[in-house]
Participant: 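One structure is given below, represented as structure tokens, and several questions about it will come after.
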Amino acid sequence: MEQQTEKKYLSTSKHYLSQKTWRFLRHIIPLALWNYLYTVRQRLLLKKMQSLIAGLLVNEQQTTNKSDNPGKIKDLIVANGASIKQEAAILEELFAKYESDKCVLHNYNYLYGALFGPIKDSATDVMEVGTYKGASLRSWKSYFSKANIYGIDIDPDTVFIEPRINTMIADQNNMESLNAVNMAWKQKYDVIVDDGWHQPEASVFTMLSFIPQLKKNGIYVLEDIDQKKYQSFYEDIAKAFNNYNYNAEYIDLPGCVPPTNSGYNYGVLVIEKL
């Protein structure tokens, strides 16, 4: 049943249909030509995405006298001080309770202990993109004691409502769909976590729609960045945000936290609105 559901909702995305076309072409084009075409396609796509981010920042206040502390989040995680350990342990327990993979696969509990520990009792609005069965949303509900939790996903089977949790359908590859979320909820957020499609086009569209919805000192996190393919792209995105009223940091998370048995090697992008 889950496989049928996955096929159903993935096929509603124009981006997925494009990927199906490329998979078909892969079998009929010589490998050398295929690799060349794919590389050109990726470069053009990433260039387009960078220009969109530049367009988002045009109307932002440019930072002229910023006290720069690059790597401060990474330094906190690596130091693994007592407060970080305490928050990481709390999050590990919550992720296990609600069957989220954020700790088992990635040890995100250390990242989020560092980022969210100081605001867990003051944040009032938290959103996650990519809800699946609601495991993360329920974890956030328990962790952020006063927050309303919002979630979006392209799969209709993931939509549910519980006390302090609200969800709706949205497609990360469709700006109209994402903007419809803003129109429906009319909400500003203390925290936004993107655990959705994990491809540059989807992640940039999501940034364009939701980073303007961050509150002052709000935190935006993009999870699961494929470091082999996209590390330099997201490092450049972080640099672009750092020229404006944001603190942005690309983090090679596996190099900062205790290893897992998953073999995953994904980075994260953290953007804080000043």
Participant: Kindly write out the residues that satisfy side-chain contact (heavy atoms from CB on, under 4.5 Å) with I90, not counting sequence neighbours, or none if the list is empty.
Facilitator: Q86, E87, L94, K120, Y143
Participant: Would you say the side chain of T158 lies within less than 4.5 Å of the side chain of T167, judging by non-hydrogen atoms?
Facilitator: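 When only atoms from C-beta onward are counted, T158 and T167 do not touch, as no gap falls below 4.5 Å.
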Participant: Determine, stepwise, if the pair L105 / T260 fulfils side-chain contact (heavy atoms from CB on, under 4.5 Å).
Facilitator: CA-CA 6 Å; L105 294 183; T260 69; 5.8 Å; no
Participant: For D195 and H198: C-alpha separation, side-chain torsions, deciding distance, then whether side chain to side chain donor-acceptor pair (under 3.5 Å) applies.
Facilitator: CA-CA 7 Å; D195 186 19; H198 305 312; 3.2 Å; yes
Participant: For V270 versus I219, what's the shortest heavy-atom pair and its separation?
Facilitator: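 Closest approach of V270 to I219: CG1-CG2, 4.1 Å.
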Participant: Distance from L178 atom CG to M183 atom CE, nearest 0.5 Å?
Facilitator: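 It is 14.0 Å, given to the nearest 0.5 Å.
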Participant: Sequence neighbours left out, what pairs pass side-chain hydrogen bond (donor to acceptor under 3.5 Å, both in side chains) with at least one residue falling in residues 213-222?
Facilitator: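 Matches after skipping sequence neighbours: T124-K215, D125-K215, D190-K215.
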Participant: Hydrophobic clustering (ILVMFWY, side-chain heavy atoms < 4.5 Å, transitive) - are Y246 and L52 grouped together?
Facilitator: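 Linked within one cluster.
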Participant: Is there a path from F233 to I211 through hydrophobic residues (I, L, V, M, F, W, Y) whose side chains come within less than 4.5 Å of each other?
Facilitator: yes
Participant: Which atom pair, heavy atoms only, marks the closest approach of L56 to P212?
Facilitator: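 Between these two residues, the closest heavy atoms are CD1-CG, 3.7 Å.
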Participant: Can you tell me if S209 uses its side chain to pair, donor with acceptor, with the backbone of T206 under 3.5 Å?
Facilitator: no
Participant: Would you mind reporting whether I73 and L115 have side-chain heavy atoms less than 4.5 Å apart?
Facilitator: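 Heavy-atom side-chain distance check passes, below 4.5 Å.
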Participant: So, do S100 and Y132 sit near enough that their side-chain heavy atoms are less than 4.5 Å apart?
Facilitator: no
Participant: Take I119 and V191 through the side-chain contact (heavy atoms from CB on, under 4.5 Å) test and state the conclusion after the steps.
Facilitator: CA-CA 10 Å; I119 63 170; V191 169; 3.8 Å; yes
Participant: Any link between I84 and Y108 through a network of hydrophobic side chains (Ile, Leu, Val, Met, Phe, Trp, Tyr) touching at under 4.5 Å?
Facilitator: no
Participant: Quick check against the 3.5 Å criterion: does D153 have a side-chain atom that pairs as donor or acceptor with the backbone of T131?
Facilitator: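 Side chain of D153 to backbone of T131, a donor-acceptor pair under 3.5 Å: yes, one is there.
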Participant: Is there a path of hydrophobic side-chain contacts, each under 4.5 Å between heavy atoms of I, L, V, M, F, W or Y residues, that connects I28 with V40?
Facilitator: yes
Participant: Report the relative orientation of the aromatic rings in W185 and Y150; use parallel for angles under 30°, tilted for 30 to 60°, perpendicular for over 60°.
Facilitator: tilted
Participant: Atom CG of D171 and atom CH2 of W197: how far apart are they, to the nearest 0.5 Å?
Facilitator: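 One gets 8.0 Å once the value is rounded to the nearest 0.5 Å.
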Participant: Taking atom NZ of K188 as the centre, report whether more than 12 heavy atoms of other residues, nucleotides or ligands fall under 6.0 Å from it.
Facilitator: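 Check passes, neighbour count above 12.
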Participant: Does the R164 side chain pair with the main chain of A147, one donor and one acceptor, at a distance under 3.5 Å?
Facilitator: yes
Participant: Within the structure provided, determine whether E162 and L137 are in side-chain contact (heavy-atom separation under 4.5 Å).
Facilitator: no
Participant: If you count the non-hydrogen atoms of other residues, nucleotides and ligands that lie under 6.0 Å from OH in Y36, is the total more than 12?
Facilitator: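 Atom OH in Y36 is not crowded, with 12 or fewer foreign heavy atoms closer than 6.0 Å.
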Participant: Shared ILVMFWY cluster between M127 and I169, side chains joined below 4.5 angstrom?
Facilitator: no
Participant: Of V257, L76, I251, L91, which is the lone residue that meets side chain to side chain contact (heavy atoms under 4.5 Å, CB included) with L111?
Facilitator: I251
Participant: Verify side-chain contact (heavy atoms from CB on, under 4.5 Å) between N80 and K85, making sure each step is shown before the conclusion.
Facilitator: CA-CA 6 Å; N80 199 16; K85 288 181 179 178; 3.2 Å; yes
Participant: Determine the minimum heavy-atom distance between V193 and K102, stating which atoms define it.
Facilitator: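 Smallest interatomic distance, heavy atoms only, reads CG1-NZ, 4.3 Å.
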Participant: Output every pair passing side-chain hydrogen bond (donor to acceptor under 3.5 Å, both in side chains) with a member in residues 265-274, not counting sequence neighbours, ordered by first then second residue.
Facilitator: Q227-N265
Participant: Contact between Y112 and V221 at the side-chain level, heavy atoms closer than 4.5 Å - yes or no?
Facilitator: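 The answer is yes; the side chains approach within 4.5 Å.
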Participant: Report the C-alpha separation of I225 and L269 in whole Å, then their side-chain angles, then the decisive distance to 0.1 Å, and conclude whether the side-chain contact (heavy atoms from CB on, under 4.5 Å) test is met.
Facilitator: CA-CA 8 Å; I225 295 170; L269 178 64; 3.9 Å; yes
Participant: Salt bridge or not for E99 and K133, using N-O below 4.0 Å?
Facilitator: no
Participant: To the nearest 0.5 angstrom, please state how far the CH2 atom of W140 sits from the CD atom of E128.
Facilitator: 6.5 Å
Participant: How far does CD of E92 sit from CG of N107, to the nearest 0.5 angstrom?
Facilitator: 7.5 Å
Participant: Kindly say whether N245 contributes a backbone atom to a donor-acceptor pair with the side chain of E60 at under 3.5 angstrom?
Facilitator: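 Pair absent, no side-chain N/O of E60 close to backbone of N245.
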Participant: Do the non-hydrogen side-chain atoms of I53 and F241 ever get within less than 4.5 Å of each other?
Facilitator: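 Answer yes - side chains close enough.
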Participant: Are any non-hydrogen side-chain atoms of K141 and P163 less than 4.5 angstrom apart?
Facilitator: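 K141 vs P163: side chains touch.
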Participant: For D194 versus G196, what's the shortest heavy-atom pair and its separation?
Facilitator: OD1-N, 3.0 Å
Participant: So N166 and N148, do their side chains get closer than 4.5 Å, heavy atoms only?
Facilitator: no
Participant: For atom CD of E93, is the number of surrounding heavy atoms from other residues, nucleotides or ligands below 6.0 Å larger than 12?
Facilitator: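 Result for CD/E93: open.
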Participant: State the CZ-OG distance between F95 and S136, to the nearest 0.5 angstrom.
Facilitator: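 Spacing of CZ (F95) from OG (S136) equals 6.0 Å.
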Participant: Looking at every heavy atom in both K146 and D121, which two are closest together, and how far apart are they?
Facilitator: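 It is CD-O, 3.2 Å.
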Participant: Tell me whether the rings of Y230 and Y234 are parallel (<30°), tilted (30 to 60°) or perpendicular (>60°).
Facilitator: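 Ring orientation of Y230 relative to Y234: perpendicular.
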Participant: Kindly give the heavy-atom pair with the smallest separation between V181 and A170, and that separation in Å.
Facilitator: CG2-CB, 3.6 Å
Participant: Output the distance between atom CD1 (I152) and atom CD (Q172), rounded to the nearest 0.5 Å.
Facilitator: 6.5 Å
